[in-house]
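One is the number of the first residue; the rest follow in order along the sequence. Only heavy atoms go into these numbers, but all of them, side chains included; no hydrogens, no water, no symmetry mates.
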Amino acid sequence: QVQLVESGGGLVQPGGSLTLSCVASGSGFSLYAMGWYRQAPGKQRDMVARISSDGNTAYADSVKGRFTIFRDNAKNTVYLQMNSLKPEDTAVYYCYRWYRSTWGQGTQVTVSS
């Protein structure tokens, strides 16, 4: 069974940057689309960014131009580079694989001065 393990969250000041990582266990990582979702307290979980198996990307309007999703298939890892962070980016960020609907455990990102 595939497991997704996120890391890289933390506390950052507005305008700062963070890079989240998600390592997938098992084989076949390069074959599947991967993505990042986030959930703020009291709100629904929303998609932030998605990357297909051939590298095509898509972003939520709220993060376009600030966040970048990319993957390293040799390391079974998908990343989310987050720049110009805002307090409204504060949430638990989850890694997601569409194949068999697999979620990571989440990593907290807090943007605050």
Any side-chain donor-acceptor pair under 3.5 Å between Gln81 and Thr19? yes

Tell me whether the centres of the aromatic rings in Trp103 and Tyr37 are closer together than 6.0 Å. yes

Correct closest heavy-atom pair for Ala49 and Leu80 would be CB-CD1, 4.0 Å

For Ala40 and Ala91, which heavy atoms make the closest approach, and how far apart are they? N-CB, 3.8 Å

Give me the atom names and distance for the closest heavy-atom approach of Asn83 to Ser17. OD1-OG, 2.9 Å

More than 12 heavy atoms from other groups under 6.0 Å of CD on Gln3: no

Give a yes or no on whether a salt bridge exists between Lys86 and Asp89, defined as a side-chain N under 4.0 angstrom from a carboxylate O. no

If hydrophobic clusters are built by linking Ile, Leu, Val, Met, Phe, Trp and Tyr wherever their side-chain heavy atoms come under 4.5 Å apart, do Val109 and Leu4 end up in the same one? yes

All side chain to side chain contact (heavy atoms under 4.5 Å, CB included) counterparts of Thr107, not counting sequence neighbours: Glu6, Leu20, Tyr93

Taking ILVMFWY side chains as joined if any heavy atoms are under 4.5 angstrom apart, and letting links pass through other members, which residues group with Leu31? Tyr32, Tyr99

Joint cluster assignment, Tyr79 & Phe67, ILVMFWY side-chain distance < 4.5 Å: no

We want to know whether Tyr96 and Ser101 form a side-chain donor-acceptor pair, criterion being a heavy-atom distance below 3.5 angstrom. yes

Val92 side chain near Arg38 side chain, heavy-atom distance below 4.5 Å: no

Among Thr77, Val78, Val5, side-chain contact (heavy atoms from CB on, under 4.5 Å) partner for Cys22: Val78

Which pair of non-hydrogen atoms, one from Ser113 and one from Pro14, has the smallest distance, and what is that distance? N-CD, 3.7 Å

Heavy-atom distance under 4.5 Å between the side chains of Gln13 and Leu85, does that happen here? no

Would you say the side chain of Met34 lies within less than 4.5 Å of the side chain of Arg71, judging by non-hydrogen atoms? yes

Dump the intermediate steps for side chain to side chain contact (heavy atoms under 4.5 Å, CB included) on Asn56 and Ile51, then the final yes or no. CA-CA 5 Å; Asn56 290 321; Ile51 185 166; over 6 Å; no

Judged by atom type as modelled, is there a donor-acceptor pair below 3.5 Å linking the side chain of Ser52 to the main-chain atoms of Ala33? no

One pair to check against side chain to side chain contact (heavy atoms under 4.5 Å, CB included): Val48 and Tyr59. What are the steps and the verdict? CA-CA 6 Å; Val48 175; Tyr59 298 92; 5.9 Å; no

In terms of heavy-atom contacts, Arg50 and Met47 come closest through CB-SD, 3.9 Å

Report the C-alpha distance between Arg97 and Phe29 in whole Å, list the side-chain angles of each, state the deciding distance to 0.1 Å, and finish with yes or no for side chain to side chain contact (heavy atoms under 4.5 Å, CB included). CA-CA 9 Å; Arg97 190 184 74 169; Phe29 176 80; over 6 Å; no

Give the C-alpha distance, both sets of side-chain angles, the deciding distance and a yes or no for side chain to side chain contact (heavy atoms under 4.5 Å, CB included) between Trp36 and Ile69. CA-CA 8 Å; Trp36 290 93; Ile69 186 171; 3.7 Å; yes

